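Worth saying up front: this structure is predicted, and the values here are computed from it rather than measured.
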Amino acid sequence: MTKTDDEMWVGVVRLHARVEHALATALQRHGLGLSEYRALCHLSTADGGELRMQELADLLGLNQSSVTRLVGRLEAAGLTRRDLCADDRRGVYTVITDEGRARKEAATDLYEQTLTSALDRAATDGLSPLVTALRTSPTPA
């Protein structure tokens, strides 16, 4: 039997929900939400450790309002700071701090272990074809 696109998509959504829940729960041990952790990851690999707010929003799949709240939480925790663009004073950057880098690094091993474990569990719960496809597909650039 061939799966329809709808059945396949339901499987993707189930897999996503399971993995996201496991990751979010694990990151709570480090005082981070999943979006916060991902923001720190993007910032830690960006040139100069900084991104325009809109760039960060695009990378995280968030709207402007949501990324502003997210950055506000990170800033209040001392994990990022805001900076104005030298060329365009209307442009606002968020910059990872040393504390933000340290928190991200401290959480990375747990994140990676939890991701692998969640995918392994999903593979034994009827989502094996999706997990296999993800694990064997080339990494997007």
TODO: Verify side chain to side chain contact (heavy atoms under 4.5 Å, CB included) between Ile96 and Leu79, making sure each step is shown before the conclusion.
DONE: CA-CA 6 Å; Ile96 193 168; Leu79 305 178; over 6 Å; no
- Task: Please report the C-alpha distance between Trp9 and Thr4 in whole Å, then the side-chain angles of each, then the deciding distance to 0.1 Å, and finally whether the side chain to side chain contact (heavy atoms under 4.5 Å, CB included) criterion is met.
- Result: CA-CA 9 Å; Trp9 189 249; Thr4 65; over 6 Å; no
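In terms of heavy atoms, Lys104 sits closest to Tyr37 at O-CE1, 3.8 Å. The two residues Thr136 and Thr132 have their closest heavy-atom pair at OG1-O, 2.8 Å.
Atom CG in Asp109 sits 8.5 Å away from atom NE2 in His30 (nearest 0.5 Å). A distance of 9.0 Å separates OG1 in Thr97 from CG in Leu74, rounded to the nearest 0.5 Å. Between atom CZ of residue Arg81 and atom CD of residue Glu50 there is a gap of 7.5 Å, rounded to the nearest 0.5 Å. Note: Arg135 CZ to Leu130 CG = 12.0 Å, rounded to the nearest 0.5 Å.
In terms of hydrophobic clustering, with Ile, Leu, Val, Met, Phe, Trp and Tyr side chains grouped at heavy-atom distances under 4.5 Å, Leu59 and Leu43 are assigned to a common cluster. Placement of Leu115 and Leu110 in two distinct hydrophobic clusters is found when ILVMFWY residues are connected by side-chain heavy-atom separations under 4.5 Å, directly or transitively. The hydrophobic clustering, which links ILVMFWY residues whose side-chain heavy atoms are closer than 4.5 Å, places Val10 and Val131 apart.
Annotation for Asn63: atom CG counts as buried by contact number, over 12 foreign heavy atoms lying within 6.0 Å.
The side-chain heavy atoms of Leu119 and Leu15, taken from C-beta on, include a pair separated by under 4.5 Å. Looking at heavy atoms from C-beta onward, Arg18 lies in side-chain contact with Leu127 at the 4.5 angstrom threshold. Proximity of Leu32 to Tyr111: side-chain heavy atoms (C-beta onward) are nowhere separated by under 4.5 Å.
Residues Arg121 and Ser117 bring a donor and an acceptor atom of their side chains to less than 3.5 Å of each other. Side chain to side chain, Asp58 and Gln54 meet the donor-acceptor criterion of an N or O pair below 3.5 Å.
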